[in-house]
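See below for the structure under consideration.
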Amino acid sequence: MKKFKELVLSAILIVLAGSIIYAGGMTESSQSSKQPTRNLTMWSATTFGMDEAYNELIDLYTEQNPGVAIEFSSYPVENYETVLKTALVAKSGPDLFFTHGWNNLEVYVKSGDAALLEGRIDTGLYDDASLMPSKVGGKLYAAPGVTSNVLTVFYNRELFRQFNLSVPKTYEEFTTVCETLAANDIAPIAMGGAEVHSFLFPLLTIGPALIPDYFRDVRSGKVSTLMDARFIDLNKKLLEWAEKGYYQKKFEGTKFGGAMILFQNEQAGMLFTGSWDYAGITEPVPELEVGAFPFPGKTEPVGVRTVNAGFSANANSANIDDAISFLNFASSRESAEIIIKHTKGIPVLSGVGGTSDAMKEAIDVAVWDDFFQIAFNIAGLNNTNIQDVWMNGILDVFAGNQTFEDLIGKMDAVWDREIYQAIYQ
Amino acid sequence: MAVSHYDPDETARNLDPAEPGESMKKTFGSGMKPNVLVYISFILPGLLLYIVFILIPIAATALNSLTQWDGVGEKVFIGFDNFVKLLIDPIYAPQLLRALKNGLWFVALSFAIQMPTAIYFAYMIDKYLKIGELFKFIIFLPQVLSMVSVSVMALLFFDPNFGSLNNVLMKLGLESLTRSWLGAGKYLRMIVPLLLSWKGVGIPVMLILSNLKSIPKEYIEAATIDGANEFTRFRIILLPLLAPSLTTSSVLMYLGAIGVFDIPFLVGDKHGGPGGVVDTLGTLFYRISFGSPYLNNNIGLGTAVAVIQFLVMMVVSTLIVRVRRSKEMELS
Amino acid sequence: MKKRVVTVPAVFAEGRGGMRLFRKIFDLLPLMLVSAVSLYFIFSSFFNAFKTRTDFFTNITGLPRTWTLQNITKAWQVGKFGRYFGNSIIVSGFSTILVVFICSLTAYGIARFKFRINYWLYGIFSFGLMFPVMSLTVPIFLILRNVGLANTIPGIILVYTSVMIAFGVFVLTGFFKTLPTEVHEAARIDGAGEFRIFASIMMPMAKPVLATLGMITSINVWNDFFLSLVFLHDNRIKTLPLAMQGFFARYGNDLPLTFAALFITTVPIVVAYVAGSRQIIRGLTEGSIK
């Protein structure tokens, strides 16, 4: 009896203590919210450096527009869609929300959640190509993306210097780099083999460089199958690298994060990923000398670049005008400077400073080719896309349970060839 | 005076939603004069909350499984197409089968790990009361940690390069035993149920322990006089009397493992780990409903997976309870 | 079937003095091993929080060579965990009280009143144990919005309470049915009303099982990630697991920092458990015999 009383008493005490802490938090926020009258909420998926950039943008904007307060939340990438959709369907979504553009934006346009921004946002600074992901049916539904995403090969300059290696200009030179590093007990490529998307980065990076003719043929309609010797051979490179020991030992059990840490720790010489990870790689180890090279093509370096859409405004927002005004601000050159300052990434607008040397190196290419990446990403027949089929089966190939021919056959079955004609008229 | 023990047997028997069982019919209302108003004031708060926040959503979800719906756009009624798709489509049917197989494997392994250890732990904790307190505390400790922390601990523990496990093995000179624990293969398929058991074994230990304490000591003393040794005594006398808590534990283990989402999702990923080796109904539901940012996600199809999970859970846990009851009848 | 007799070597049979100690060690050895591994698994990650970066990567398995608080202070600053603790305490505290209170009323009604509908009610309640809650989030959120409680602390408390009701009713109904009717009859003859009987006779008898339910509820709610992820949007009212997941998504590239965040968010729970466990665990098992 006594013990039960103690239990109840301590429970009540805990709740009381909690209420006091909570109430403390409340008064604090109510004091700060005396001034602003119109509240906006803004949601995004977490990426390195971006959260800090958005917070600075918001501070600057609310300073210039005292009547507005903006609350920013970022969610882990794998949970973002869940939260956003549940909130939007209940019509209590955020006033401003991030989408990946393309098909992903189309979903929110169809449901009437993304407001039409055509003519309401000044996009004069941006060219047509960089606005493509923000458009659905030729009309603007998202702010222009401020940073370009480039697939690249990060490398450790110090290790390259130590072993007298230079940035490879041909595929053969690339293999020589790998052989040299491996011979010196450094893993050539840090590979997160326990997460399928780690394999996606090298595939999408080397594709346009090694078999540009195949993708040209697909684009022009000359070839309309994935079951092409060139495409199959391209896939086989990933397995070949594993067999030659170009990945670190036990790469099968390494998560992508673990691979990144190997690279940070100078235990691996190269890492395939995108420019969005630059801030994440260097943040804990600012002294690391990081470079990044575009993968060597047959004659010249070929780059893979895409642009995301910027934020969209919620069509059901009570303060839609403020939301659009913020988007206008976020599309300005000034905002681009702030974002690049934090991510050290690659700006869409030319002349914006702050890009890191490594990223400058990554965009020093002769040809840009984003066809493969887009073609691999978008929805195919039966609402299934080939990238998902590939990710579902690639490790079965590594385990020897199926061949690349089997896997690519499955992808071919759901491949919607007509979509490309619609994109590249 | 009053016997106030919580009887796990009663709980287990009542788990059967289709037929609450003889004992239920008898004991529902132990001779109280019905007073509708008083009764309603007892029942109402719980029932109201349950209807509003659980039953109505269940009905809505069941209806959603008959539609094509991306989560924000228009719902299109398509009958049982989603279920047909899950059963015969060349992309989805193998994934459903894989999820079911993995779920059954997790159930089998959790049983194999948790049942013997839980019985042994409970017995020893009961036998050595003083030191038992300490062990009880340690065994139950993982239960209070959140899945998020457990998964972060596990990811860092099993990492091939920076993980404690491989590094300890290396220090001990057992380099040949180091493995790619989190890779596509048998190790990850064992790590997931192992973590599940490590975190979950506290509950069956508690259930068995309180069952043990409710067994009159005279039974055991009588057997001691007969000269039976400890193990025989345990097997012949105690084990049958533990049936109630063992049934409840098995049902809870089954429900906890068959469609488990957290650990495969956090230690693996939304694809159910590399190569889908730990893909379950839970991760399959999540992947189809919310998984891919570039696709039109299909919540209609996803909820069809959830409905299948519900059926699988209900049928088998009903079965466990039935088998147990029929055995009970045999004995009496 | 042939009886399988496992004979325990004679030396292990109950003896005196040293022999008994030997027997005790033999009995408890596996339990000790499991406990040791379990504790190492948890505490090795705690120690890593106090290592410097270089110390960490050169000395993964051992104790820190030089102890540093740098990681902890940095994780505390960027994670802003302080306010989330308060929210988590409120949410799990109120949910636990509500679950225990509401479930005992409902279960009592089902177990002790002679109405035919109880038979059906019980079946309906056990439904909730088997439906994966994750698939219910969209409809639940719509309902919350319609009653004006979306994205509020009271809203999430009601959701957690409802989610735990099935389990609570399931456990408590089984218990209330085992209580003897004689006490009840006697009290009624003395002229006590139903609520008097419930509050002053039945509830005290139910202490141990109520403590069990309370503990399981508070642990589940405290640790839940998914429901609070979907239902709580304001940074002001988010709970601790959300903050943790967000932190790991953002700072997973920095291992010492990750371990520090793990330490900050886990140690208070472990300490609370150490402090409370003596009472709680005793409550769990003790009432069973008395």
Side-chain angles (χ1 to χ4, degrees), chain A residues 45 77-86 88-89 93 99-100 102-104 106-108 110-113 193-197 248-255 257-259 261-262 265 267 377-380 382-385 387-389 391-399 401 410 413-414, chain B residues 68-75 85 89-92 94-95 98 148 152 155-156 158-163 165-166 178-185 187-188 191 265-277 279 286-302:
Chain A
V77 180
E78 64 270 26
N79 303 121
Y80 178 64
E81 288 282 299
T82 318
V83 186
L84 181 63
K85 281 198 168 159
T86 316
L88 283 177
V89 76
T99 69
H100 292 87
W102 306 107
N103 289 42
N104 188 233
E106 196 181 336
V107 172
Y108 300 105
K110 274 192 191 150
S111 66
D113 288 304
E195 268 176 306
V196 279
H197 71 261
Q248 80 276 15
K249 280 183 197 128
K250 300 201 173 61
F251 70 92
E252 309 95 329
T254 310
K255 291 271 179 177
I261 292 164
L262 268 179
N265 249 9
Q267 284 164 277
N377 256 331
I378 58 182
N382 214 358
N383 203 19
T384 311
N385 84 349
Q387 180 175 302
D388 268 17
V389 178
M391 294 216 279
N392 244 315
I394 179 71
L395 284 162
D396 273 345
V397 180
F398 271 77
N401 297 335
K410 277 185 210 159
V414 293
Chain B
Q68 160 107 46
W69 186 40
D70 65 12
V72 284
E74 228 174 302
K75 284 183 202 177
K85 197 173 184 182
D89 186 276
I91 299 279
Y92 292 105
Q95 292 184 46
R98 185 173 72 185
V148 178
V152 171
L155 283 178
L156 299 171
F158 291 109
D159 185 283
N161 306 299
F162 310 112
L165 183 53
N166 273 358
T178 60
R179 294 282 183 280
S180 296
W181 305 107
L182 300 173
Y187 298 111
L188 186 57
I191 285 171
F265 180 72
L266 293 168
V267 175
D269 50 21
K270 70 182 174 198
H271 303 280
V277 288
D279 198 13
Y286 193 80
R287 185 163 70 243
I288 296 179
S289 304
F290 304 108
S292 168
Y294 294 100
L295 277 182
N296 301 330
N297 289 309
N298 196 338
I299 295 194
L301 191 63

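Chain letters run A, B, ... following the sequence lines, proteins first, then strands; residues in each count from 1. What you are looking at is a predicted structure, and each value in this text was computed from that prediction instead of being measured.
One finds the CE atom of A:M391 at 8.5 Å from the CG atom of B:D269 (value rounded to the nearest 0.5 Å). Distance NZ/A:K255 to CZ/B:F158: 12.5 Å, rounded to 0.5 Å. Atom-to-atom distance recorded for B:I288:CD1 and A:D388:CG is 10.5 Å, nearest 0.5 angstrom. In this structure, CD in A:Q267 is found 4.5 Å from CZ in B:F162, a value given to the nearest 0.5 Å. In this structure, OG1 on A:T86 lies 5.0 Å from CZ on B:F290, to the nearest 0.5 angstrom. Here the CD atom belonging to A:E195 is positioned 10.5 Å from the NZ atom belonging to B:K270, to the nearest 0.5 angstrom.
The nearest pair of heavy atoms linking B:G275 to A:L395 is N-CD1, 3.4 Å. What you find for A:G253 and B:S180 is that their closest heavy atoms are N-CB, 3.4 Å.
For a residue to count as touching a neighbouring chain, one of its non-hydrogen atoms must lie under 4.5 Å from one of that chain's; by this rule B:D279 does not touch chain A. For a residue to count as touching a neighbouring chain, one of its non-hydrogen atoms must lie under 4.5 Å from one of that chain's; by this rule A:N401 does not touch chain B. Of the atoms belonging to B:L188, not a single heavy atom falls under 4.5 Å from chain A. Looking at A:L262, both its backbone and its side chain come within 4.5 Å of chain B, counting heavy atoms on both sides. When heavy atoms are compared at a cutoff of 4.5 Å, A:L84 does not approach chain B at all. Interface remark: B:F265 contributes side-chain atoms only to the contact with chain A (heavy atom separation under 4.5 Å). Only the side chain of A:V389 has a heavy atom closer than 4.5 Å to any heavy atom of chain B.
For A:K249, there are no side chain to side chain donor-acceptor pair (under 3.5 Å) partners, not counting sequence neighbours. Taking A:N392 as the reference, B:Q95, B:R98 meet the side-chain contact (heavy atoms from CB on, under 4.5 Å) condition, with sequence neighbours excluded.
For chain B, the option among A:D113, A:I261, A:D396, A:V397 with the highest count of heavy-atom pairs below 4.5 Å is A:I261. Of all the listed residues (A:K410, A:E252, A:E78), the one sharing the greatest number of non-hydrogen pairs under 4.5 Å with chain B is A:E252. Contact tally against chain B (heavy-atom pairs below 4.5 Å) for A:T254, A:L88, A:V77, A:T99: the top residue is A:T254. The most heavy-atom pairs under 4.5 Å with chain B, out of A:S111, A:A399, A:A45, A:G193, come from A:S111.
Of the listed residues (B:L182, B:D159, B:N161, B:T178), just one forms a side-chain contact (heavy atoms from CB on, under 4.5 Å) with A:K250, and that residue is B:T178.
Taking the side chain as every heavy atom from C-beta outward, B:D70 and A:Y108 never approach each other to under 4.5 Å.
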